[in-house]
Amino acid sequence: MSDATYPENLRYTSDHEWVSEAGEGIVRVGITHYAREALGDVVYVSLPAVGDTVEPGDSCGEVESTKSVSDLYAPLGGTITAVNDALEGTPELVNSDPYEQGWMYELQLADGADTSSLLDAAAYQTEIG
């Protein structure tokens with residue numbers, strides 16, 4: 001996977017999700033280049049509902065590909081404030097642009113939650129080998 005990219009400004013989970021700080025305690029979540037490569041062509045995405053409350057590690061959606069179906073896991077606790085509606089009609093955005101147009105959902109962090117517990121780009125790349 002020599003073309004894999006892992007932007008330095010993001011945080012990562014061992015479940016292959018990325019997290020971007022959007023400001024005011026809100027983070028944007030998606031899946032990493034590594035995850036989308038492992039999945040193959042994404043054909044369907046099931047996202048949580050706006051208003052859902054999640055705890056770290058909760059399953060909160062699914063990504064279906066030509067190879068398999070994989071759960072999405074909440075990287076942090078909080079409340080879903082937005083979902084990427086564009087994925088409903090064009091789930092392939094996850095393949096073509098996983099860090100921008102292929103984002104999954106936004107999360108208002110629970111009190112006391114922050115991204116410092118997540119992996120930085122170097123630690124994530126070490127973890128995936």
Side-chain angles (χ1 to χ4, degrees):
M1 289 192 221
S2 60
D3 65 339
T5 58
Y6 303 98
E8 295 288 327
N9 63 317
L10 303 178
R11 302 296 280 195
Y12 300 88
T13 72
S14 57
D15 292 318
H16 311 295
E17 279 118 10
W18 58 262
V19 176
S20 170
E21 298 211 27
E24 299 184 24
I26 295 175
V27 296
R28 183 171 275 188
V29 180
I31 64 170
T32 67
H33 182 94
Y34 179 88
R36 76 132 176 115
E37 284 285 315
L39 284 167
D41 291 332
V42 174
V43 296
Y44 177 75
V45 178
S46 171
L47 299 173
V50 171
D52 284 358
T53 301
V54 296
E55 295 295 327
D58 283 357
S59 176
C60 61
E62 292 180 335
V63 178
E64 182 178 337
S65 72
T66 55
K67 293 182 182 179
S68 66
V69 176
S70 296
D71 285 333
L72 288 174
Y73 296 100
L76 300 160
T79 303
I80 306 298
T81 59
V83 297
N84 187 352
D85 291 327
L87 297 180
E88 187 173 319
T90 52
E92 61 272 12
L93 289 172
V94 174
N95 296 318
S96 62
D97 195 4
Y99 298 113
E100 295 294 332
Q101 294 181 43
W103 65 278
M104 303 284 176
Y105 61 90
E106 291 184 347
L107 182 66
Q108 174 70 55
L109 297 178
D111 287 343
D114 65 43
T115 61
S116 64
S117 63
L118 304 177
L119 303 168
D120 63 18
Y124 179 70
Q125 289 177 77
T126 298
E127 185 166 301
I128 61 174

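Since we're looking at a predicted model, the values are computed, not measured. Quick note: residue numbers are just sequence positions, from 1.
Tyr12 and Val27 fall into different hydrophobic clusters, where Ile, Leu, Val, Met, Phe, Trp and Tyr residues are linked whenever their side-chain heavy atoms come under 4.5 Å apart, directly or through other members. Val83 is connected to Val63 through a chain of hydrophobic side-chain contacts under 4.5 Å among Ile, Leu, Val, Met, Phe, Trp and Tyr, so both are in one cluster. By the criterion of side-chain heavy atoms lying less than 4.5 angstrom apart, applied directly or through intervening Ile, Leu, Val, Met, Phe, Trp or Tyr residues, Val19 is grouped together with Val45 in one hydrophobic cluster.
Of all heavy-atom pairs between Thr79 and Gly51, the closest is CG2-O, 3.7 Å. Between His16 and Ala35 the shortest heavy-atom distance is CB-CB, 3.6 Å. The nearest pair of heavy atoms linking Val54 to Leu76 is CG2-O, 3.9 Å. Annotation for Cys60 and Pro48: closest pair O-CD, 3.0 Å, computed over non-hydrogen atoms. Annotation for Val50 and Thr81: closest pair CG1-O, 3.8 Å, computed over non-hydrogen atoms. Between Pro7 and Ala121 the shortest heavy-atom distance is O-CB, 3.8 Å.
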* To do: Given side chain to side chain contact (heavy atoms under 4.5 Å, CB included), test Arg11 with Tyr124 step by step and report yes or no.
  => CA-CA 8 Å; Arg11 302 296 280 195; Tyr124 179 70; over 6 Å; no
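Note that NE2 of His33 is 14.5 Å distant from CH2 of Trp18, once rounded to the nearest 0.5 Å. The line from CG of Leu119 to OG1 of Thr126 is 9.5 Å long, rounded to the nearest 0.5 Å. Going from atom CG of Leu39 over to atom OH of Tyr34 covers 10.5 Å, rounded to the nearest 0.5 Å. If you take CD on Glu100 and CG on Asn84, they are separated by 11.5 Å, rounding to the nearest 0.5 Å. In this structure, CD1 on Ile80 lies 9.0 Å from CG on Leu47, to the nearest 0.5 angstrom. Note that CZ of Arg36 is 9.5 Å distant from CG of Asp97, once rounded to the nearest 0.5 Å.
Contact of the Ser65 side chain with the Asn95 side chain is not registered, since no non-hydrogen atoms from C-beta on lie closer than 4.5 Å.
Applying the salt bridge (charged side-chain N to carboxylate O under 4.0 Å, His left out) definition to pairs two or more places apart or across chains, none involves residues 119-129. For residues 55-85, no residue pair satisfies the ring-ring contact (aromatic ring centres under 6.0 Å, His included) rule, not counting sequence neighbours. Pairs of residues two or more places apart, or lying in two chains, never qualify as side chain to side chain donor-acceptor pair (under 3.5 Å) while including a residue from residues 46-58.
Not counting sequence neighbours, the partners of Arg28 by the salt bridge (Lys or Arg N to Asp or Glu O under 4.0 Å) test are Glu106. Remark: Thr13 engages Asp15, Glu17, Pro75, Leu118 in a side-chain contact (heavy atoms from CB on, under 4.5 Å) (not counting sequence neighbours).
Side-chain atoms of Tyr99 come within 3.5 Å of backbone N or O of Thr5 as a donor-acceptor pair. No donor-acceptor pair under 3.5 Å is formed between the side chain of Trp103 and the backbone N or O of Val29.
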Scan the side chains in residues 85-92 for donor-acceptor partners under 3.5 Å anywhere in the protein, sequence neighbours excluded, and list what turns up.
| unit_1 | atom_1 | unit_2 | atom_2 | d |
| --- | --- | --- | --- | --- |
| Thr90 | OG1 | Ala86 | O | 2.7 |

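Annotation: Asn9, atom CG; neighbour count of heavy atoms from other residues, nucleotides and ligands within 6.0 Å is above 12.
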